[in-house]
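We use all heavy atoms of the structure for the numbers below, so side chains are in, but hydrogens, waters and symmetry mates are not.
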Amino acid sequence: MRLGFSSMNTVHDPDPITLARKLEELGYDSLWYGEHSHIPCSRKTPYPAGGDMPAPYRQMMDPYVSLMAAAAVTKKLKVGTGIALLMERDVFSQAKTIATLDHLSNGRVIIGTGVGWNEEEFVNVNPHPWNKRYTVMRETVEAMRALWREDEASYHGEYVKFDPVWSAPKPVQADGPKVIFGAMGPLGVKHAAKWADGWFPVDVALPNIDTAVSEFKQMVKDNGRDPDSVEITLQVMDSPTPDKLKRYRDLGFDRCNIGVSMDMWDKPDLFIPMIEKFADVIPELEN
């Protein structure tokens, strides 16, 4: 199992260059940044974890610019979005941004994505209906894959559609970066098993973490796909310990991302000590 590190990516956190250099030096697999272009000041959608929404949500920097800074000072460290709100950007501009990042990082990009939890944020920037968001997400990913893979790309879905276009550069990764789906509900998990390159659940939201991997792999198999080709990255929000990470390894998770555990909100001074602490367990996780 590989170990990644994720951050809310605010101006108060250690900057991407500092984080990336430290992570690569200590043997981490990857650096992940999430995305919110904006947060509506007044909203009806409750924060999924309950209570007040943590302040860092209002302060997040752009993930792709930050990941480019990280990639520029590293050679092996993968750079991922955890998660990107793909439906909230223009599909052509977004496909080009991701392809450019993959090109300049020499093929180190992973795209973690999800449908989002804030309906008002979605409605502000998306012409499609909120209750069709899983279909819109699938079409958005399929359209971007066409732009990454085809010389003269076209796509005609129910919500996303365009006639043949040229779009460059193409990603270094032959079929484009892997797109892993951060979905927790039954419908979202079904989508992940059907078309995503990987699944990206959160530990505290899994109803049964002991069987999550085997149940998901069976769903992938039921869709006629090879379960071993669909990786599972676990976002750890429950306070991690070395023993907990080893347990997740033994359960079959391919990667765990630490860094945004619930007791670390607004505590950027703990990032580097945490990175150094868990570096010691990386060799054991990889065996």
Quick check: closest heavy atoms across F162 and H156, and the distance to 0.1 Å? O-CE1, 3.4 Å
Check: F5 ring centre within less than 6.0 Å of F271 ring centre: yes
Check whether more than 12 heavy atoms from other residues, nucleotides or ligands sit under 6.0 Å from atom NE2 of H128, and answer yes or no. yes
Please determine, by modelled atom types, if H38 and E121 share a side-chain donor-acceptor pair under 3.5 angstrom. no
Has T18 got a side-chain atom pairing as donor or acceptor with P14's backbone, closer than 3.5 angstrom? no
Backbone of L77 reached by a side-chain donor or acceptor of R108 within 3.5 Å: yes
Centroid-centroid under 6.0 Å between F278 and Y28 rings: no
Sidechain N-carboxylate O distance under 4.0 Å for R21, E25: no
Check the pair E139, K161 against salt bridge (Lys or Arg N to Asp or Glu O under 4.0 Å), reporting the backbone distance first and the verdict last. CA-CA 9 Å; E139 291 189 1; K161 56 191 72 177; over 6 Å; no
Please identify each residue that fulfils salt bridge (charged side-chain N to carboxylate O under 4.0 Å, His left out) with E120, with sequence neighbours left out. none
Give a yes or no on whether K244 atom NZ has more than 12 heavy-atom contacts from other residues, nucleotides or ligands under 6.0 Å away. yes
Looking at D102 and V172, would you say the former's side chain and the latter's main chain have a donor-acceptor pair under 3.5 Å? yes
Would you please classify the geometry between the F200 ring and the W32 ring as parallel, tilted or perpendicular, with 30° and 60° separating the classes? tilted
Is it true that K75 and E24 make a salt bridge, defined as a side-chain N closer than 4.0 Å to a carboxylate O? no
Between R89 and D62, does a salt bridge (Lys or Arg N to Asp or Glu O under 4.0 Å) hold up when you go through it step by step? CA-CA 12 Å; R89 294 189 184 223; D62 183 276; 2.7 Å; yes
Do the charged groups of D254 and R2 touch, with an N to O distance under 4.0 Å? no
Residue pair N257 / S6, side-chain donor-acceptor N/O under 3.5 Å: no
How far apart are the C-alpha atoms of S154 and D163, what are their side-chain angles, what is the distance that settles it, and do they pass the side-chain hydrogen bond (donor to acceptor under 3.5 Å, both in side chains) test? CA-CA 5 Å; S154 63; D163 291 331; over 6 Å; no
Short side-chain to backbone donor-acceptor contact, E231 and D197, under 3.5 Å: no
Say whether V165 and V141 are linked into one hydrophobic cluster, either directly or through other cluster members, by side-chain heavy-atom distances under 4.5 angstrom. yes
N/O donor-acceptor pair under 3.5 Å between N126 side chain and M87 backbone: yes
Below 3.5 Å, can you tabulate the donor-acceptor pairs from side chains in residues 177-191 to any protein atom, sequence neighbours excluded?
residue : atom : partner : partner atom : Å
H191    : ND1  : W195    : NE1          : 3.0

Show, in sequence, the C-alpha distance, side-chain angles and deciding distance for Q94 and D90, and conclude whether the side-chain hydrogen bond (donor to acceptor under 3.5 Å, both in side chains) test is met. CA-CA 6 Å; Q94 181 167 245; D90 167 75; over 6 Å; no
Side chain to side chain contact (heavy atoms under 4.5 Å, CB included) partners of D269, counting only residues at least two apart: K267
Considering residues, nucleotides and ligands other than D226, do more than 12 of their heavy atoms fall under 6.0 Å from its CG? yes
Pairing donors with acceptors under 3.5 angstrom, does anything connect the side chains of T135 and E158? no
